[in-house]
Asker: 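I'd like to ask you about the structure that follows.
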Amino acid sequence: MMIGQEEINHIRSNVDIVDIIASYIPLTPKGKNYFGTCPFHDDHAPSMSVSKEKQIYTCFSCGATGNVFKFIMDYEHVSFPESINIVASKAGLNFHMQTSKKPVVHQALYEIYDLSAKVYQNNINTAAGKEAKEYLKAREISEEAIKEFGIGLASKKRDLITTLLLGKKYRSQDLLKSGIVIEHQGDYHDIYYNRIMFPIWDVSGKVVGFSGRVFHGEDHSKYINTKETEIFKKGELLYNYHRAKDYARRVDTIIIMEGQLDVIRAYSVGIKNVIGTMGTAITKKHALLIKRLAKNVILCFDGDAAGAKATMACSRELQAIDLVPRVVRLEDRLDPDEYIKKYGKEAFERKLASPMNLMDFKLLHYKKDKDFGNTIDVGHYVKEMLGELASMKDDIVRELTLKKISEETKLDLTFLRTQLEQLLDQKPIEPIVPALVTTEKKVRKSKYQKAEMYLIYYMLKSGEVIRTYDHKITYMPTEKYRLLAREISYYYKTYGEIIEADFITFVSDSEMMMKAVGEIISLDLKDDYTMEEIIDYINTIRDYNIKVETERLKKLMRSEPDPLKKAAIASKIVALKVRGENYDS
């Protein structure tokens, strides 16, 4: 279904960008705009401004800029057509745009994983899958869960997938790149065979890899995960993210577990806001994805020592982006899957309803295996906890925890405060982040570039300024601003008006254009202008063009041996000088 610019604009105008963004991140009114922590970079302060009047957002730190469609595209990791559907749904409009199911970039890989997933799912429902089904049944994985999570079976034949994919004319290099196929002495074989297969999805719900599990009790690796590819990066993926995200945002709580079976078990009993780390260490990218889901984070890892260690590591990564989780610890060294099966859904929900705060968990963690009758053990415990408190930003929790340490160790509270203050004094001062964060060296803008930017800023606001540009400017010196100004002019001539939020939709498929728009909007100039100011910008730009052309002609004249031609060039230079002096104001 094709859709025109007018209909897209109509859909956009039926929602308020402040309401939409506020449903994803907290916004606070400040003056005529709203501010929130930018979700598109590691933001520790409210750097994103959302304008109700203009219906656009701008981050004054990383430069992210756009309208409601652009926000949803980047936040939800969806295509432009998908973002239109989401906005239309939120606006209550009876509209659905047909979207492409497969991305263009790395399309062969996506197709290989999608087809393989279907084959594995088909296998488990054949006679050959009976034993695997019995194994899953013994693990109390229902038919509904098998279907919901696309659980399948890699057959005992070592070339089933390989033969199928080669038959579909996929290139051998793409098959090898996918990690589904392996080459051995010139022959190709399935890397997965005789294993229960768990698809792994990206944040938008596309299959990007697999985790294959043994089910006969073999001694070799219990799980084999797909190797890293261009679309499967374990440090950027969280199991079940695409299913959990909407519900997690609705209840403002996300529960993080380790394994796939833990997540499947919890989801199957109705706990929908649950994701899994797939046994890998939490990365900064994971943490930022989690921060997009909810303010309240509960860590529910395995109840053994390894689970406690993973909880500590995960909590540190989350704290680094100012997200302080709470913790559920399961007794009997059980993982969530085992706990729910043994004690039931209600008992598990009671655990989730009363998680311990992070500092209480750390007190228990560091206290474990320490003899409080041994001075050295007590000393280690105090040092470890003071180290944790030094990174704690909540003064109230810090003080309460100090009191607990004092009661446990019988050490004087004043002494503990003094020790902590010394640690805080030694802590390196965090560098102040400049107003505009960029990986490139910040280049000082010339007065000519500023004139271009200021002119375009007001072109985005006024048809009068666009008409003046069309009448008086023949050439913008800077390429990206030249192209942007032309697009603005074309848009105005086509649609008879200029609205920033709608123009952003018009140029959203051009990364260069969007970056230039972001630079312009983030100038945050005053809304009002005078025509004298606009003419000043135009004259500055024309001065630059004359200056550049004059320098070119002078260089040409110096290299010209013919006196008559040299005189003609000199006349052109004089004419340019006169033109510059005779500009109308």
Side-chain angles (χ1 to χ4, degrees), residues 116-156 191-201 207 209-226 237-244 255-280 299-307 310 328-352:
S116 299
K118 289 173 180 172
V119 173
Y120 293 143
Q121 289 165 44
N122 181 68
N123 287 347
I124 206 167
N125 290 308
T126 64
K130 182 180 178 184
E131 194 176 354
K133 277 279 188 78
E134 288 173 352
Y135 170 83
L136 292 171
K137 185 177 180 182
R139 294 291 302 261
E140 298 180 32
I141 302 296
S142 67
E143 285 284 348
E144 291 76 14
I146 291 171
K147 185 176 180 181
E148 173 77 32
F149 287 87
I151 302 172
L153 174 69
S155 73
K156 293 180 181 180
I191 199 165
Y192 294 108
Y193 66 98
N194 203 29
R195 284 178 179 264
I196 291 176
M197 302 297 291
F198 296 89
I200 298 169
W201 307 268
V207 178
F210 295 96
S211 184
R213 191 190 197 286
V214 297
F215 60 99
H216 287 104
E218 297 93 334
D219 291 334
H220 49 278
S221 302
K222 183 186 285 187
Y223 282 97
I224 293 180
N225 293 321
T226 298
L237 297 172
L238 292 160
Y239 188 71
N240 200 48
Y241 188 97
H242 68 292
R243 286 191 190 84
I255 304 156
I256 305 174
M257 296 177 178
E258 289 184 76
Q260 289 98 310
L261 287 175
D262 298 323
V263 171
I264 291 170
R265 175 69 54 208
Y267 197 92
S268 297
V269 299
I271 301 167
K272 305 293 186 183
N273 52 329
V274 58
I275 58 177
T277 65
M278 297 184 287
T280 193
L299 304 182
C300 184
F301 291 168
D302 296 358
D304 57 10
V328 166
R329 292 295 290 157
L330 302 174
E331 55 265 27
D332 304 330
R333 299 168 60 86
L334 299 175
D335 60 35
D337 174 39
E338 295 165 334
Y339 188 92
I340 294 171
K341 286 191 292 186
K342 183 173 182 178
Y343 295 107
K345 173 189 174 182
E346 290 74 17
F348 187 67
E349 286 181 325
R350 286 194 293 273
K351 285 275 189 183
L352 295 176

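FYI, the numbering just counts along the sequence from 1.
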Asker: Which residue pairs pass the side chain to side chain donor-acceptor pair (under 3.5 Å) test with at least one member in residues 136-148, sequence neighbours excluded?
Answerer: Lys133-Glu143, Tyr135-Arg139, Arg139-Asp337, Ser142-Glu144, Glu148-Arg243
Asker: Taking Ile224's backbone N and O only, do any of them form a donor-acceptor pair with Arg213's side chain (distance below 3.5 Å, no angle check)?
Answerer: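 Judged by distance alone, no pair lies under 3.5 Å.
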Asker: Does the side chain to side chain contact (heavy atoms under 4.5 Å, CB included) test come out yes or no for Lys351 and Tyr343, once each step is laid out?
Answerer: CA-CA 11 Å; Lys351 285 275 189 183; Tyr343 295 107; over 6 Å; no
Asker: Pick from Leu153, Ile141, Ile264: which one makes a side-chain contact (heavy atoms from CB on, under 4.5 Å) with Leu136?
Answerer: Ile141
Asker: Where the side chain of Asp302 meets the backbone of Glu258, is there a donor-acceptor pair that is under 3.5 Å apart?
Answerer: no
Asker: If you compare all heavy atoms of Pro336 against all heavy atoms of Cys300, which two are closest, and at what distance to 0.1 Å?
Answerer: CG-O, 3.6 Å
Asker: Check the orientation of Tyr192 and Phe210. Use parallel for under 30°, tilted for 30 to 60°, and perpendicular for over 60°.
Answerer: perpendicular
Asker: Between Lys342 and Glu331, is there a salt bridge with N-O shorter than 4.0 Å?
Answerer: no
Asker: Looking only at atom types and distance, does a side-chain atom of Thr126 sit under 3.5 Å from a main-chain N or O of Asn123, one as donor and one as acceptor?
Answerer: yes
Asker: Quick one: does Thr226's side chain get under 4.5 Å of Ile200's, heavy atoms only?
Answerer: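 The answer is no, as the side chains (C-beta and beyond) never meet within the 4.5 Å cut-off.
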Asker: In a check of ring pair (Phe, Tyr, Trp, His ring centres under 6.0 Å) between Phe149 and each of Phe198, Tyr267, Tyr120, which one passes?
Answerer: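 Considering Phe198, Tyr267, Tyr120, a ring pair (Phe, Tyr, Trp, His ring centres under 6.0 Å) with Phe149 is found only for Tyr267.
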Asker: Once side-chain hydrogen bond (donor to acceptor under 3.5 Å, both in side chains) is applied, do any residues pair with Ser211, and if so which ones, sequence neighbours excluded?
Answerer: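 Once residues adjacent in sequence are excluded, the partners of Ser211 under the side-chain hydrogen bond (donor to acceptor under 3.5 Å, both in side chains) criterion are Asn225, Gln260.
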Asker: Give the intermediate values and the outcome of side chain to side chain contact (heavy atoms under 4.5 Å, CB included) for residues Leu330 and Phe348.
Answerer: CA-CA 9 Å; Leu330 302 174; Phe348 187 67; 4.2 Å; yes
Asker: Under the side chain to side chain contact (heavy atoms under 4.5 Å, CB included) criterion, do Tyr339 and Arg265 qualify, and how do the steps go?
Answerer: CA-CA 10 Å; Tyr339 188 92; Arg265 175 69 54 208; over 6 Å; no
Asker: What is the minimum heavy-atom distance between Gln121 and Ile151, and which atoms define it?
Answerer: CG-O, 4.1 Å
